[in-house]
Peer 1: 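I'd like to ask some things about the structure below.
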Amino acid sequence: MMLPIYIRDYSKVIVWDFEFATIGGEVKPTSLAYKNILEPNSKVEFIWLRDADNNVLKDVTWPFDEDERTLFVSFFGEAEYQCVIELGWDLEKWEQDHLDLFYEIRCLKNGLWNKFSLEDTAAKLGLKSEYLPTDKTNLRERLGKDEVTWEERATVERYNAEDVRVTENLFFYIIHHFQESENEDVFWQALNRGRMSQIAAKVSRAGYPVDVVGWDKFLANWDKTIDKILEKANTETDCFPIKDGKRKFSSKDFARLVEGLNIPSWPRTDTGNYKTDKETLRRFERFPEIKMIMEAMSFKNSTKLKDLPIDRRDNRSKTYMSPFGTKTGRANPSTARHLPNLPPCLRPFMRAEYDKPIVAIDFEQQEFAVAATLSKDDVMLETYKQSDPYVYLGYLANVLPITATKKHPKRQMYKTVCLMTLFGAGVKTMAIDMGEPIEVAEKALQDHQRMFHKFWNWQQEYIDRFMLDGYARLKDGWEMRIPEGSTFRKFGEHKGYSENTLKNFPIQGTAASILYESLRSIDDAGYRVIGTMHDEIFVELDYTDRNWNEEHDIKEISRLMSQAAEDVMGTRIKTEHTILYPGMRLQPKDKKDLELFKFICKECGIDEKG
């Protein structure tokens with residue numbers, strides 16, 4: 001095929017792929033295969049990155065020309081750039097345009113496919129591949145565990161080179177799609193996404209500083225600690241009695257607890273039992289007993305908590321950031337391997353170190369601001385600009401005084417309706433979250449609909465257009481599609497698509513775009529981002545080479561984030577922050593979680609203060 005001019009403008013187009021091992025939080029490059037597809041009759045080049053003792057080589061020279069304009073192409077480039085960093089190659093110096101085909105096939109088939117591995121993608125698209133049956137099982141697993149030896153170089157070279165050839169075939173497929181697209185900015189938007197591979201690698205290789213002494217004590221006392229947590233949960237709830245020598249969750253005792261707490265409208269299963277899935281428990285975690293049960297069951301059912309990937313070279317927890325890992329484009333780090341995603345009571349194991357304070361900066365009511373801006377609802381936007389939007393909505397509805405505080409008993413009902421309408425929750429679900437009768441939820445919902453009627457009209461029009469066209473595209477080019485012939489999924493069904501998913505897509509997708517633009521700006525300004533959690537960005541301030549001035553840095557990072565929101569959608573979003581000085585632990589937001597952390601420390605002999 002004739003390549004478009006924007007591809008032919010490059011001196012080289014390098015399709016590349018690393019093989020590597022992941023040991024804890026450490027990444028150990030094994031080999032690199034690459035090919036310049038603009039060079040006629042070019043072949044795949046291969047570099048073995050280990051010595052005879054299987055150690056990663058030091059002082060490996062960057063194999064590409066520095067002065068030429070190069071486009072790098074990969075499949076899930078975050079992994080490639082992690083290897084670049086581990087090899088000591090200066091990512092800032094060698095930073096070139098990058099096209100990440102994982103992001104692009106995810107964007108193109110978003111909503112249509114569920115699996116997006118390179119092998120699955122090749123099979124679904126009918127791309128030629130010559131993988132052996134054992135390549136993606138035995139060989140890949142042994143590569144990941146660092147079990148491949150010097151004598152297997154030829155096998156690794158064949159496999160590594162095949163990844164490059166398949167990626168090359170996928171590149172031509174994606175470029176053909178670009179040429180056929182009516183979106184004139186499709187390639188430049190793809191490059192913008194591709195840069196997130198480089199930034200994500202920097203973030204994931206930076207990692208969160210961990211109290212490894214305390215964490216190791218926690219793991220050494222794992223079984224005893226879990227038993228003690230279950231014992232504590234039983235003391236507070238009577239729901240974990242000993243049966244056959246072990247503490248087990250009792251559905252009958254749980255039913256008595258729910259009825260004793262007089263919790264209205266607790267959802268039931270088809271057989272009539274009270275639901276105890278994680279999502280249901282989370283709805284009622286405002287009750288301390290339910291919060292304790294949720295935490296206890298989380299520990300009881302999870303052995304993956306032991307797998308927190310810690311790089312013992314610098315005692316930091318490191319895992320993939322995984323941008324564009326969800327349908328909405330949100331990042332999707334592993335729930336078991338990403339420290340902020342662990343049960344909140346374990347967050348204090350993150351501790352600022354090395355005379356480097358950590359600032360956690362979060363957008364305030366981001367989804368609310370996004371919804372108001374996209375819908376051009378002036379009343380909703382004015383409400384967002386108030387010091388407390390939820391109180392202000394209640395004030396507009398003549399229910400709350402303008403002077404009401406967060407402790408006002410009726411504020412929660414307006415907070416719930418503002419948040420839950422954004423993803424299409426029903427009035428019954430809202431009532432459960434409020435802990436109020438359904439009539440109260442209906443009143444709050446009607447107030448929301450009356451005051452923010454432009455938002456409601458926009459949301460319905462968006463869904464109608466989504467259904468008519470079969471797809472939706474955000475400003476940054478991220479797309480989602482509805483499978484042809486599919487219908488709305490009814491309650492309890494698994495086939496079809498959810499109306500709530502369609503409602504949620506533009507808001508969450510725009511919020512993701514704001515986060516990524518913030519990360520690009522913060523990276524350009526030279527700050528060191530060590531992680532993200534939904535809309536929250538963790539920045540480590542390095543004052544080893546300059547005077548402390550955290551006030552200036554916090555203001556600057558906050559300004560960059562607010563400016564990113566304005567660049568993406570035309571409205572600035574407020575931010576809030578917390579700061580951890582060296583020796584301080586990351587505090588959970590709920591007092592019950594902090595209490596449980598202190599309990600774990602006591603049982604394991606950990607100094608809870610640092």
Peer 1: If the plane angle is over 60° it's perpendicular, under 30° parallel, otherwise tilted; pick one for Phe102 and Phe116.
Peer 2: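 Plane angle over 60°, so perpendicular.
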
Peer 1: So, the side chain of Thr510 versus the backbone of Ile507: is there a donor-acceptor pair under 3.5 Å, distance only?
Peer 2: no

Peer 1: Hey, could you give me each pair passing salt bridge (Lys or Arg N to Asp or Glu O under 4.0 Å) that has a residue in residues 431-444? Not counting sequence neighbours.
Peer 2: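 Sorted pair list: Lys443-Asp447.
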
Peer 1: Under 6.0 Å from the NZ atom of Lys232, do we count more than 12 heavy atoms belonging to anything else shown?
Peer 2: yes

Peer 1: May I ask you to test the Asn221-Glu603 pair for a side-chain heavy-atom distance under 4.5 Å?
Peer 2: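 No; the side chains remain at least 4.5 Å from each other.
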
Peer 1: Can you tell me if Trp478 uses its side chain to pair, donor with acceptor, with the backbone of Lys327 under 3.5 Å?
Peer 2: yes

Peer 1: Looking at Lys591, I want to see if its NZ is surrounded by more than 12 non-hydrogen atoms of other residues, nucleotides or ligands under 6.0 Å.
Peer 2: no

Peer 1: Side chains of Val529 and Leu519, heavy atoms from C-beta outward: is any pair under 4.5 Å?
Peer 2: yes

Peer 1: Parallel, tilted or perpendicular: which one describes the rings of Trp458 and Phe455, with boundaries at 30° and 60°?
Peer 2: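 If you compare the ring of Trp458 with that of Phe455, the planes turn out tilted.
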
Peer 1: Is it true that Glu367 and Arg330 make a salt bridge, defined as a side-chain N closer than 4.0 Å to a carboxylate O?
Peer 2: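 A salt bridge is present here (some side-chain N lies under 4.0 Å from a carboxylate O).
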
Peer 1: For residues Tyr462 and Phe505, establish whether the separation of their ring centroids is below 6.0 Å.
Peer 2: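 For Tyr462 and Phe505, the ring centres are not under 6.0 Å apart.
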
Peer 1: Please answer whether the main-chain N or O of Ile573 pairs with a side-chain N or O of Ser562 as donor and acceptor at a distance below 3.5 Å.
Peer 2: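 A pair under 3.5 Å: yes.
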
Peer 1: Test your reading of the model: is there a side-chain donor-acceptor pair from Lys598 to the backbone of Glu608, 3.5 Å cut-off?
Peer 2: no

Peer 1: For Tyr208, give me all partners under ring-ring contact (aromatic ring centres under 6.0 Å, His included), at least two apart in sequence or on another chain.
Peer 2: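 Only His338, Phe538 meet the ring-ring contact (aromatic ring centres under 6.0 Å, His included) criterion with Tyr208.
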
Peer 1: Donor-acceptor pair, Asp100 side chain versus Phe75 backbone, under 3.5 Å?
Peer 2: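 Between the backbone of Phe75 and the side chain of Asp100 there is no qualifying donor-acceptor contact (under 3.5 Å).
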
Peer 1: Only one of Leu400, Val391, Val399 clears side-chain contact (heavy atoms from CB on, under 4.5 Å) with His408; which?
Peer 2: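 Among Leu400, Val391, Val399, the one meeting side-chain contact (heavy atoms from CB on, under 4.5 Å) with His408 is Leu400.
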
Peer 1: Is it the case that the side chain of Ser518 and the backbone of Ile514 share a donor-acceptor pair, with hydrogens and angles ignored and the cut-off at 3.5 Å?
Peer 2: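 A pair under 3.5 Å: yes.
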
Peer 1: Could you walk me through whether Phe368 and Thr383 pass side-chain contact (heavy atoms from CB on, under 4.5 Å), step by step?
Peer 2: CA-CA 10 Å; Phe368 189 95; Thr383 300; 4.1 Å; yes

Peer 1: Test salt bridge (charged side-chain N to carboxylate O under 4.0 Å, His left out) on Arg282 and Glu279 and set out the steps.
Peer 2: CA-CA 5 Å; Arg282 185 179 287 116; Glu279 186 58 38; 3.0 Å; yes

Peer 1: Quick check: are there more than 12 heavy atoms from other residues, nucleotides or ligands sitting under 6.0 Å from NZ of Lys248?
Peer 2: yes

Peer 1: Verify the distance criterion only: is there a donor paired with an acceptor across the side chains of Glu517 and Ser513 at less than 3.5 Å?
Peer 2: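 No.
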
Peer 1: Counting N and O atoms only, with roles assigned by atom type, does the side chain of Tyr516 sit under 3.5 Å from a partner on the main chain of Ala331, one being a donor and the other an acceptor?
Peer 2: yes

Peer 1: Is there side-chain contact between Arg465 and Leu468, with at least one heavy-atom pair below 4.5 Å?
Peer 2: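 Yes, their side chains come closer than 4.5 Å.
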
Peer 1: Does the side chain of Arg337 come within less than 4.5 Å of Tyr320's, by heavy atoms?
Peer 2: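 Side chain of Tyr320 against side chain of Arg337, heavy atoms only: no contact under 4.5 Å found.
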
Peer 1: For residues 379-392, which residue pairs pass the salt bridge (Lys or Arg N to Asp or Glu O under 4.0 Å) check, not counting sequence neighbours?
Peer 2: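 Matches after skipping sequence neighbours: Asp388-Arg411.
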
Peer 1: Would the distance check show the side chain of Asp277 and the main-chain N or O of Thr280 forming a donor-acceptor pair, the cut-off being under 3.5 Å?
Peer 2: yes

Peer 1: Are there more than 12 heavy atoms of other residues, nucleotides or ligands under 6.0 Å from atom NZ of Lys428?
Peer 2: no

Peer 1: Determine yes or no for a side-chain-to-main-chain donor-acceptor pair under 3.5 angstrom, with Arg193 supplying the side chain and Glu104 the backbone.
Peer 2: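 Not confirmed, Arg193 side chain does not pair with Glu104 backbone.
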
Peer 1: Does Lys574 qualify as a cation-pi partner of Tyr384, given the criterion of NZ or CZ under 6.0 Å from the six-membered ring centre and within 45 degrees of its axis?
Peer 2: yes

Peer 1: With rounding to the nearest 0.5 angstrom, report the OH to OH distance, Tyr392 to Tyr414.
Peer 2: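 Output value for this atom pair is 14.0 Å.
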
Peer 1: Take Thr421 and Phe452, measure what side-chain contact (heavy atoms from CB on, under 4.5 Å) needs, and give me the verdict at the end.
Peer 2: CA-CA 11 Å; Thr421 51; Phe452 305 148; over 6 Å; no

Peer 1: Taking the side chain as every heavy atom from C-beta outward, state whether Lys109 and Arg481 have any pair of such atoms under 4.5 Å apart.
Peer 2: no

Peer 1: Does the side chain of Cys239 come within less than 4.5 Å of Ile293's, by heavy atoms?
Peer 2: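 A side-chain contact exists here, since the closest heavy-atom pair is under 4.5 Å.
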
Peer 1: Any non-hydrogen side-chain atom of Leu257 less than 4.5 Å from a side-chain atom of Asp238?
Peer 2: no

Peer 1: Tell me which one of Phe299, Phe249, Phe254 satisfies ring pair (Phe, Tyr, Trp, His ring centres under 6.0 Å) with Phe240.
Peer 2: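 Of the listed options, the one satisfying the test is Phe249.
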
Peer 1: Check whether any side-chain heavy atom of Asp593 lies under 4.5 Å from a side-chain heavy atom of Lys291, and answer yes or no.
Peer 2: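 SC-SC contact between Asp593 and Lys291 confirmed.
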
Peer 1: Kindly compute the distance separating NZ (Lys243) from OG (Ser250), expressed to the nearest 0.5 Å.
Peer 2: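 One gets 8.0 Å once the value is rounded to the nearest 0.5 Å.
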
Peer 1: Mind running side-chain contact (heavy atoms from CB on, under 4.5 Å) on Asn110 and Glu479 for me, showing each step along the way?
Peer 2: CA-CA 7 Å; Asn110 192 21; Glu479 299 180 358; 5.8 Å; no

Peer 1: Got more than 12 heavy atoms from elsewhere within 6.0 Å of OH, Tyr395?
Peer 2: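 At most 12 heavy atoms, drawn from other residues, nucleotides or ligands, come within 6.0 Å of this atom.
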
Peer 1: Examine distances only and state if a side-chain atom of Arg347 and a backbone atom of Leu342 form a donor-acceptor pair shorter than 3.5 Å.
Peer 2: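 Pair absent, no side-chain N/O of Arg347 close to backbone of Leu342.
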
Peer 1: Begin with the C-alpha distance, continue with both residues' side-chain angles, and end with the deciding distance and a verdict on side-chain contact (heavy atoms from CB on, under 4.5 Å) for Met321 and Thr532.
Peer 2: CA-CA 8 Å; Met321 177 184 166; Thr532 66; 4.0 Å; yes

